[in-house]
Amino acid sequence: MITGIILAAGLSSRFGSPKALAPIHQTTVIEHIQTMLLEVPLENVIVVLGAYEKEIKPYILKHKD
C-alpha cells in the first residue's frame with residue numbers, strides 16, 4: 001500500500017500567510033497538490049493540518065476515492 005501525505009501544519013511565519021492557501025494555477029496550493037496526488041495510483045491521501053486548520057480545512061477535496 002502506498003499513501004501520499006501532504007504536510008500543511010506549519011506556521012508559515014516567514015511567508016506571512018498559510019502557504020497551503022497561496023494561489024497557483026487558478027486554485028490554491030493545497031487543492032493543486034491533492035489533485036495531482038489523486039492522479040497517481042495511491043491507496044490513501046492524508047493531509048496533516050495544524051496552525052491554520054480552520055482556514056485550510058474548507059479546501060480539502062471531497063472525492064469518491
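The model shown is predicted, which means the values in this text are computed figures rather than measured ones. Note that the numbering runs from 1 along the sequence shown for the chain.
In the hydrophobic cluster analysis, where Ile, Leu, Val, Met, Phe, Trp and Tyr join through side-chain heavy atoms closer than 4.5 angstrom, Tyr59 is grouped apart from Leu11. Hydrophobic cluster membership differs between Val40 and Met36, with clusters built from Ile, Leu, Val, Met, Phe, Trp and Tyr side chains linked at under 4.5 angstrom.
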Walk me through whether Leu42 and Met1 qualify under side chain to side chain contact (heavy atoms under 4.5 Å, CB included).
CA-CA 7 Å; Leu42 297 172; Met1 174 168 59; over 6 Å; no
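Residue pairs meeting the ring pair (Phe, Tyr, Trp, His ring centres under 6.0 Å) criterion with at least one partner in residues 13-35, sequence neighbours excluded, are His25-His32.
Within a 6.0 Å radius of CD in Glu39, other residues, nucleotides and ligands contribute more than 12 heavy atoms.
Residues that satisfy the side chain to side chain contact (heavy atoms under 4.5 Å, CB included) test with Ala20, not counting sequence neighbours, are Ala8, Ile30, Ile56. Contacts of Thr27 classified as side chain to side chain donor-acceptor pair (under 3.5 Å), with partners at least two apart in sequence or in another chain: Glu31. When the side chain to side chain contact (heavy atoms under 4.5 Å, CB included) test is applied to Ile33, the partners found at least two apart in sequence or on another chain are Ile6, Val29, Leu37. With sequence neighbours excluded, the residues satisfying side chain to side chain contact (heavy atoms under 4.5 Å, CB included) with Ile5 are Thr3, Leu7, Ile46, Val48.
At least one donor-acceptor pair closer than 3.5 Å links the side chain of Ser12 to the backbone N or O of Lys19. Tyr52 places no side-chain N or O within 3.5 Å of a backbone atom of Ala9 that could act as its donor or acceptor partner. Between the side chain of Glu55 and the backbone N or O of Ser17, no donor-acceptor pair lies under 3.5 Å. Listed for the Glu43 side chain is no donor-acceptor partner under 3.5 Å among the backbone atoms of Ile2.
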